[in-house]
There are 4 protein chains.
Amino acid sequence: MARPAASERPGHPRRTGGRIRSQDAHDDVLRAAVEILEEVGYGGVTIEGVAARSGVAKSTIYRWWTSKAALVMDAYGKIVAGRMPRPDTGTVADDLTDFVAELYRVADYPLRGKALRGLMAEAQLDPAFEESFRSWVQSRRDVVAGLLIRGIDRGELDADLDLDHAVDLVFGPFWYRLLVGHVALDAAQARGHVDRLLQGLRHPPEQ
Amino acid sequence: MARPAASERPGHPRRTGGRIRSQDAHDDVLRAAVEILEEVGYGGVTIEGVAARSGVAKSTIYRWWTSKAALVMDAYGKIVAGRMPRPDTGTVADDLTDFVAELYRVADYPLRGKALRGLMAEAQLDPAFEESFRSWVQSRRDVVAGLLIRGIDRGELDADLDLDHAVDLVFGPFWYRLLVGHVALDAAQARGHVDRLLQGLRHPPEQ
Amino acid sequence: MARPAASERPGHPRRTGGRIRSQDAHDDVLRAAVEILEEVGYGGVTIEGVAARSGVAKSTIYRWWTSKAALVMDAYGKIVAGRMPRPDTGTVADDLTDFVAELYRVADYPLRGKALRGLMAEAQLDPAFEESFRSWVQSRRDVVAGLLIRGIDRGELDADLDLDHAVDLVFGPFWYRLLVGHVALDAAQARGHVDRLLQGLRHPPEQ
Amino acid sequence: MARPAASERPGHPRRTGGRIRSQDAHDDVLRAAVEILEEVGYGGVTIEGVAARSGVAKSTIYRWWTSKAALVMDAYGKIVAGRMPRPDTGTVADDLTDFVAELYRVADYPLRGKALRGLMAEAQLDPAFEESFRSWVQSRRDVVAGLLIRGIDRGELDADLDLDHAVDLVFGPFWYRLLVGHVALDAAQARGHVDRLLQGLRHPPEQ
DNA sequence: AATTAATCGAGACGGTACGTCTGGTCTTAGA
DNA sequence: TCTAAGACCAGACGTACCGTCTCGATTAATT
C-alpha cells in the first residue's frame, strides 16, 4: 500500500525487492558535507571525513555520489537552493537589484563564499565535476536571463540584446572579485554593480 | 678593518662558506614544472613528479619552495613572463587591443588555459598560495592600469576614471568565460571584448 | 539456531562487519620479510622493500605491524618456528645434543646467521623491539629449560641445578661466537659445546 | 709523492703546506661523540648530531672517520682505554676477579652498558665496522689470555688449556646477559661468574 | 512464512603522494 | 690545504585519503 515509488523513474530496472534506500543516511551525508564545507572549505572536505561525521559508510556514499565534487555540489545546491532569489517585481531594475544584492550577500557569510570558491576551483581541477558545476551555474544564469527577457517583453530593454553577454555582466565581475580577492567583496558593491549594469544594457555599443 | 663584504646585503645572513645554490637544479625544476603543468594541468603536477622529471631531489625542491603552489606559480610566472605584452602604441585603443588579443590567445593553446585555470583553482584551495597568486594577478593588472593612465594623460580617457573597475572590465569577463566554460573561449572574442570595453570607458555611468 | 555467532571465540572482539583480513596478504608480507632478511640482513630490510616484494600495500603493513622490528620478529619467529627442535629422546644428553646441533646448523646457512645477528643488533638499538625479541629468546630458553627439568626428574641431573645459569651455558657461548666472530662458527663445534656443557652440569661448582 | 702521514702520529704532522689539521676540532668531535653515546645510546648517535654539538662541520668529520661506527669506536676506545684493567696480582684467581669485577661494573653505569651494546649491534649491521670492533674485542681478549698464560706459567692452570675457549668463558656469559637482558646485569654477579670460571678451568672436560 | 534482492555498517585492500628526515657527497669561502 | 658552511642526491619514513572490495546484518517486495 501506498508505495510512493521512491525515486523510480522510467528506464530504471523495475525493483523486485530489496531494502529501500535509507533517507536518513542520505540526509546525514548531505548535512555532514555542508557542515564540513562551511567549516573548513572545499579543500577540507574528504569522503572519509563526511563518512565519519555522518556515520554513513564510505561505500554507501560512493554508491550514491560519484565523487566528492558531485556530493558537495548536490549538498550545496540543495541547501542553498532556497537562497537563490527569483525576483519578479515588475521592472528589470528592481529584479536585478534584488538578484545582485543576494549575490553579494555571500560577503556577509565568509564560509559561503569559501564554499563557492571551492566549487569553482574543483570544477577547474576535476573534469568529471565540471559538467555538473556548469549545469548549476547555468541554472542561475537562466534565472537572470528570464528576468531580462521579461524586461525585453515589457519594452524596458532592447529586443536585440545579447543575452549571454548581458548575463556575463551580472556574474562575471562578481566571480572575478570573489576569486581574485584583489578587492574584498562587500555587499555595498552590489548597488554600483547594478547601476553600471543597467547603464550598459541601456547604452549598448553602437557598432 | 679589512671588511671583506663582497656581495653582502644588509639583513642577509653573512655567508661564510657553503656550496652555492645550483642554478641548474633550480632551472631544471622550473622547466619540469611547466612541462608537467602544460601537459596534464595543475592537478597533475606533483612534487614527486617534478623531482623525477627534473632529476632534482625532492628535498632540494622543498628547500626552495614551500609548496607545490609556490613552485608552480614561480615556474609559470617566470616562464610566461615573456608572454605578457606591455604594449605602448600611442593610443589606448590599440594598447588594449594588443593586450586583450594576447589574453584570448590562450584559447589557441588549451594547455596554457588549463594551467591558468589550475592556478586560479589552487589559489582558492590553498591560502598559502593565494597571496603569491594575487601578486601575480596584480602585476598583470598593473600593466593594464598603466596603459589606461597613459590614455588619461593623453586626454583619451576621463581623468576621473575608476581604474580598479576599468581593469576589472578587462580581466573579469575573460576569467569568467575561461573558468565557467559556458561559452568556449575563442581568440575572435577579443575584438568584441575590446569594443565593449572602450564603449564603456568612454560612456561612464552618469550618476 | 538463532545463534549467529559463526566463528566466534571467547575473548575475541565480536565481528560487526568489515572485510575480513586477507590471509594471503599477511603471509606474503611475512614471506617477503624473511626473504629480504636472509638476503641482505636486518639492516637491509625496509617496509618499502617488503611492500614492493610482497605486493602488499605499505599502508596494509603498517596496519598490522607497528614497526619494522615487530614485523621482522613476527616473520622470523613464525617462519623459523618449525626449525626449532623440541627433542625428547629420553636422555638429557641426547636432547641437548639434538638441540645444540640444530643451533650450530645456522653456520651452514650464512644468511640465517646474518638474520639472527641482525635481530640481536636491533634489539640493542630499538627499545620497542627489545621486548618482543626477548620474548622470542625466552621461548627458546624455555625449551631448553624443559629438557633440563625432564633430566632432573629422571635423576640425570642434580635437583638444585641453577636452571637460568644452565640455559645461559647453552646459548651464551653460541651467541658470543656468532656475534663477535673471532672464531668462525662451525657445526662441528656443537659436539664440543655439548660435551663441556654436560661436564659442567654434572660437576657443578662446589661453593 | 710519498705522502706518509695519512693517519699521522701525534706531535709531528709532517706538513707540506695548507692549513694544519685542527687538534681542537678532532678532540671536540670525540668528546661530543662520547657524550652523545652515553646520553642516548649508540642508536642515538648521528654524525649530524656530533657535528652540531662539537661545532665541527659534517664534512670534516667524514674526512677523518669513514663512518659513524669508526668514529664511535675511536671515541669510545680512546676514552675507555683507561678503564680496562690489566691486573697482575700474582694469582690467576685474583687477576680474574679483578678483571671480571671491572667487566660487571658497567652495570653501575647504565649508559656505558648501553654504549657497549650499541657497538656490538653496529658490528652486526655494518661490515665495515665489524673489523675494527673485532680488533677492539681482541685487544681485551688478549689481556685475559695474558693473565691466563701467566697462570699456566705459574702452574696454576693446566698447560693444555684451550685458551680461546677459556677466554670465551670470561666474556661469553657477560655479553649474553648484557645483550639479551633476560636477567638484569648486576655487579654482584661477578663473583659467581669468576667462581664458576675457575671451577671450569680446573676441572676441564675429561675427554 | 519463505525467498529474494538491494541496502546498510564496517573496515581491509592496493595505491599515490605527501612532507620529513638522515646519510654521505660535493662545492664553495675564508683562514 | 685545511675548516666551516651548507647545498646536493638518494631514498626510507610514517600518514592521509583515495576508490574498490568483501563481509554479515537488515529490510522490503514478491512468492
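Just the heavy atoms: all of them, side chains too, but no hydrogens, waters or symmetry mates, feed the values below. Quick note on labels: first sequence line is chain A, next is B, and so on, each numbered from 1.
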Checklist entry - With sequence neighbours left out, which residue pairs that include part of residues 62-71 of chain A fulfil the side chain to side chain donor-acceptor pair (under 3.5 Å) condition? => result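 For residues 62-71 of chain A: A:Trp65-A:Asp74.
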
- salt bridge (Lys or Arg N to Asp or Glu O under 4.0 Å) pairs, two or more places apart, involving residues 43-52 of chain B: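 The answer is B:Glu48-B:Lys58.
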
Length of the [atom1]-[atom2] vector between [X] and [N], whole Å:
{"X": "A:Gln23", "N": "E:dT7", "atom1": "CD", "atom2": "P", "value": "14 Å"}
{"X": "B:Asp24", "N": "F:dA7", "atom1": "CG", "atom2": "P", "value": "17 Å"}
{"X": "D:Trp65", "N": "E:dG24", "atom1": "CH2", "atom2": "P", "value": "15 Å"}
{"X": "A:Arg53", "N": "E:dA10", "atom1": "CZ", "atom2": "P", "value": "17 Å"}
{"X": "C:Arg19", "N": "F:dA25", "atom1": "CZ", "atom2": "P", "value": "18 Å"}
{"X": "B:Ile61", "N": "F:dA10", "atom1": "CD1", "atom2": "P", "value": "12 Å"}

Checklist entry - Taking the side chain of A:Thr60 as heavy atoms from C-beta outward, which of F:dT22, E:dG14, E:dG9 is closest to it? => result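 The listed nucleotide nearest to A:Thr60's side chain is E:dG9.
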
The side chain of B:Arg21 lies closest to which of these nucleotides: F:dC8, E:dA12, E:dC8?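 The listed nucleotide nearest to B:Arg21's side chain is F:dC8.
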
Taking ring-ring contact (aromatic ring centres under 6.0 Å, His included) as the cut-off, I'd like each qualifying pair that reaches into residues 30-53 of chain C, sequence neighbours left out, listed once.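 The answer is none; no pair qualifies.
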
>> List the residues meeting side-chain contact (heavy atoms from CB on, under 4.5 Å) with C:Ala52, not counting sequence neighbours, and say none if there are none.
In response: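 C:Ala52: no side-chain contact (heavy atoms from CB on, under 4.5 Å) contacts found.
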
I'd like to check the side-chain contact (heavy atoms from CB on, under 4.5 Å) partners of C:Glu131; sequence neighbours left out, ordered by chain and number.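 Residues passing side-chain contact (heavy atoms from CB on, under 4.5 Å) with C:Glu131: none at all.
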
| message | Taking 4.0 Å as the cut-off, does a side-chain nitrogen or oxygen of C:Arg63 come that near to OP1 or OP2 on E:dC13? | response |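 For C:Arg63, the contact criterion (side-chain N or O under 4.0 Å from OP1 or OP2 of E:dC13) is met.
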
Review point. Does E:dG11 have OP1 or OP2 sitting under 4.0 Å from an N or O in the side chain of C:Trp64?
Key: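 So the side chain of C:Trp64 is outside the cut-off, no N or O lying under 4.0 Å from OP1 or OP2 of E:dG11.
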
### Query
Which of residues 25-44 of chain C have a heavy atom under 4.0 Å from DNA chain F?
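Contacts with DNA chain F under 4.0 Å: none.
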
Requested in this report: Kindly write out the residues that satisfy salt bridge (charged side-chain N to carboxylate O under 4.0 Å, His left out) with B:Glu130, not counting sequence neighbours, or none if the list is empty.
Outcome: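 Result, salt bridge (charged side-chain N to carboxylate O under 4.0 Å, His left out) vs B:Glu130: A:Arg117, B:Arg134.
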
Nucleotide by nucleotide, nucleotides 11-17 of chain F touches protein heavy atoms under 4.0 Å in the pattern (B base, S sugar-phosphate only, - none) -SBBB-S

Closer than 4.0 angstrom, basic N to acidic O: yes or no for C:Glu38 and C:Lys114?
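Result for this pair is no, no salt bridge flagged.
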
Quiz: residues 27-34 of chain C side-chain donor-acceptor pairs under 3.5 angstrom, not counting sequence neighbours:
residue	atom	partner	partner atom	Å
C:Asp27	OD1	C:Gln23	NE2	3.0
C:Asp28	OD1	C:Arg31	NH1	3.0

Item to check | Under 3.5 Å donor-acceptor, B:Ser54 side chain and B:Val50 backbone | outcome: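 Such a contact is found between B:Ser54 side chain and B:Val50 backbone.
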
